[in-house]
2 protein chains.
Amino acid sequence: MPTDNSPKTLRTTATSIEILKQLEAIDGARVSEIAERMDKPKSTIHGHLATLKQEQFVIKEGDFYFIGPELLRLGNQVRTREPAFVLARQFTERLFEETRLRSIFTVEMGGKAVFLHTASGSKMGWSHEQLGNRLFLHNTAVGKAILAELPEPRIEQIIDRWGLPQETENTTTDREALFEELERVRDQGYAVNRAENFNELYAIGVAATRRSGDVIGGFSVTGPAHSVTGEDRKAELAHTVKDIVSEFELELALA
Amino acid sequence: MPTDNSPKTLRTTATSIEILKQLEAIDGARVSEIAERMDKPKSTIHGHLATLKQEQFVIKEGDFYFIGPELLRLGNQVRTREPAFVLARQFTERLFEETRLRSIFTVEMGGKAVFLHTASGSKMGWSHEQLGNRLFLHNTAVGKAILAELPEPRIEQIIDRWGLPQETENTTTDREALFEELERVRDQGYAVNRAENFNELYAIGVAATRRSGDVIGGFSVTGPAHSVTGEDRKAELAHTVKDIVSEFELELALA
DNA sequence: CCAGCCGTTCGACTATCCTGAATTTTAAAT
DNA sequence: ATTTAAAATTCAGGATAGTCGAACGGCTGG
């Protein structure tokens, strides 16, 4: 009776997943705690947890349940599905070595940019850059770099699905303006994010493609806007990213 | 009616998970393919996939379903749960830099060693060293290093749960012998795996503990047995690993 | 243009999930 | 030790909701 949002969807599986999300939020919880939060009887939660436990989707330590290793293993399959994704890891790290800026590798899934690799030295990244997180394509550097390489109908499709939501005052919300920018991206060979999804952030992104032409994903470097200043510094950075991507594409082609 | 292995366990959730595992095995599948493999009607599978899709546990591309980004995100929470785990990543990489041997960081979950970080340069690791995979504690270097730091009742508990299965002819299957070895590990400050779970592999593992004394996890380096020869080479390696772990513990204490 | 295959929808049946109460276990407090 | 309380787990009945098979419609390839 609650939210009958979509067509025939399985409530049982949905509850199991909801429990997993609760376990993620509050870190390691007991049966009653979850039961209370979800406003469901303890016995119900218990049943779900028992099932998830037997699959190692959660593990139990004393009376506390935690997200389990099998979920990590399955989820990571996303990062190892294609050899190109695996190879991208070391290039993400090299990108960081050379720029000393937070470096990431993302791929397009369902019209969004999904983080597959990050490299940032000691600092533990911001939460929105956790692996598996999704960002929009229209207001990020990698996103625009990837968009620029997609066939036009696909671009349309993605815009139709997600729209062009405004996240800062710099976000491009106009369809025409976006297409013009993508054209510029294609010319330059890289895309720029000038605080379009988070204030004070500047990023440069470049898409990686196969010889066939279809895109694999995108690399980018991000830094505080005030620390990345001067046109030559920016040009130099763009050059570095493009170089790394070229090497990546080359090594992939040879393998 | 098929396998009523455990007590009250939810069949619906179990099927959903089974579907995810199928998706992992054959990479990206269509409804009928999974339906056939699981010997269930297409409509049933369709329902599950619809639910999983709405939670982004799978994504759909054309008629193919793949494991989705939300699963990656949730699973990775295991690696970011504790700040110590996050910090361990860069030390795993430093370990690789210094030894040029495949380096890993694992933690103990449910009596097994779970891979949280790996570093191995370009080579894409073996499948059994994928993140989230679980190895025994009694026949691995990290495993024994971790065991050696656990309170005795806990060790007993773990052995009772998993036994001491033999995986190569070098595996220690005798309880007494294992305890003697753990004593040696405590003396030396490191543990050795002499092809005890895979032939031809040699590994050195060291456990990392908090100042309170309880263990965080373990680091180890692994190489082909024939490439790690000579007592001094081995001693040198052990020294390197112990050093890295010390630094790790120190930095953690300071933070 | 036709034929087959596949994904999706739909309604009825009934398996099974949910629930609240009973039971056991654990932990705390006196 | 003894008692109390709270939490985890088990259980069985009843109603919900997942399963199933058939039918529809869209796509692809011959």
Side-chain angles (χ1 to χ4, degrees), chain A residues 1-20 22-23 26-55 57-66 68 110 153-154 157 161, chain B residues 1-23 26-55 57-68 110 151 153-154 157 160-161:
Chain A
M1 297 125 222
T3 44
D4 197 76
N5 31 8
S6 301
K8 281 266 136 328
T9 176
L10 309 190
R11 206 173 300 281
T12 306
T13 296
T15 328
S16 285
I17 292 179
E18 169 67 12
I19 290 177
L20 289 175
Q22 292 289 346
L23 280 182
I26 48 177
D27 184 279
R30 24 177 77 229
V31 176
S32 355
E33 198 173 352
I34 302 178
E36 193 180 19
R37 283 191 171 233
M38 294 179 53
D39 194 36
K40 284 193 172 6
K42 286 185 297 182
S43 48
T44 302
I45 306 297
H46 180 77
H48 282 266
L49 283 171
T51 312
L52 293 169
K53 177 184 158 197
Q54 116 182 333
E55 301 287 346
F57 266 44
V58 305
I59 63 147
K60 188 183 176 183
E61 257 165 42
D63 276 348
F64 286 83
Y65 289 88
F66 298 89
R154 188 75 193 288
Q157 189 185 4
R161 167 154 191 203
Chain B
M1 271 138 219
T3 42
D4 196 77
N5 29 8
S6 301
K8 282 264 135 330
T9 175
L10 308 190
R11 205 171 299 283
T12 307
T13 296
T15 337
S16 285
I17 292 179
E18 169 67 12
I19 290 177
L20 289 175
K21 288 187 176 165
Q22 293 288 346
L23 280 182
I26 48 177
D27 185 280
R30 20 177 74 222
V31 177
S32 352
E33 199 173 351
I34 300 178
E36 193 181 19
R37 283 190 171 234
M38 293 179 55
D39 194 37
K40 284 195 169 9
K42 287 182 297 180
S43 49
T44 302
I45 306 296
H46 179 77
H48 282 266
L49 283 172
T51 311
L52 293 169
K53 177 185 157 197
Q54 116 181 334
E55 301 287 348
F57 267 45
V58 305
I59 63 146
K60 187 183 177 185
E61 258 165 42
D63 275 347
F64 286 82
Y65 290 87
F66 298 88
I67 293 189
R154 187 75 193 288
Q157 189 185 5
D160 288 344
R161 165 153 191 205

Rounded distance (Å) that lies between atom C1' of dT26(C) and atom CD of Glu61(A) = 18 Å
note = 5'-most contact on DNA chain D (nearest-nucleotide basis), Arg30(A) vs Thr15(B), goes to Arg30(A)
inquiry  = Just the rounded figure in Å: distance from C1' of dT9(D) to NE2 of His48(A).
reply    = 16 Å
task = Starting from P on dT9(D), measure out to CG on Asp63(A) and report it in whole angstrom.
result = 6 Å
query = Just by distance, do the side chain of Thr51(A) and the backbone of Leu10(B) share a donor-acceptor pair under 3.5 Å?
reply = yes
inquiry  = Return the NZ to CG distance between Lys60(A) and Leu49(A), rounded to the nearest 0.5 Å.
reply    = 9.0 Å
ask   = Rounding to a whole Å, what distance do you find between Lys8(B):NZ and dC18(C):P?
value = 12 Å
request  = Check every strand shown and say whether Tyr65(A) touches a base, only sugar-phosphate, or nothing at a heavy-atom separation below 4.0 Å.
outcome  = sugar-phosphate
ask   = Under 3.5 Å, is there a donor-acceptor pair between the side chain of Ser16(B) and the main chain of Thr13(A)?
value = no
query = Expressed in angstrom and rounded to an integer, what is the separation of Ile45(A) atom CD1 from dA7(D) atom P?
reply = 15 Å
query = Has His46(A) got a side-chain N or O lying under 4.0 Å from the OP1 or OP2 atom of dT9(D)?
reply = yes
ask   = For Thr12(B) and dG18(D), is the shortest distance between a side-chain N/O and OP1 or OP2 below 4.0 Å?
value = no
Got a list of protein N/O to nucleotides 19-22 of chain C N/O distances below 3.5 Å?
residue, atom, partner, partner atom, Å
dT19(C), OP2, Thr44(A), OG1, 2.8
dG20(C), N7, Ser43(A), OG, 3.4
dG20(C), O6, Ser43(A), OG, 3.0

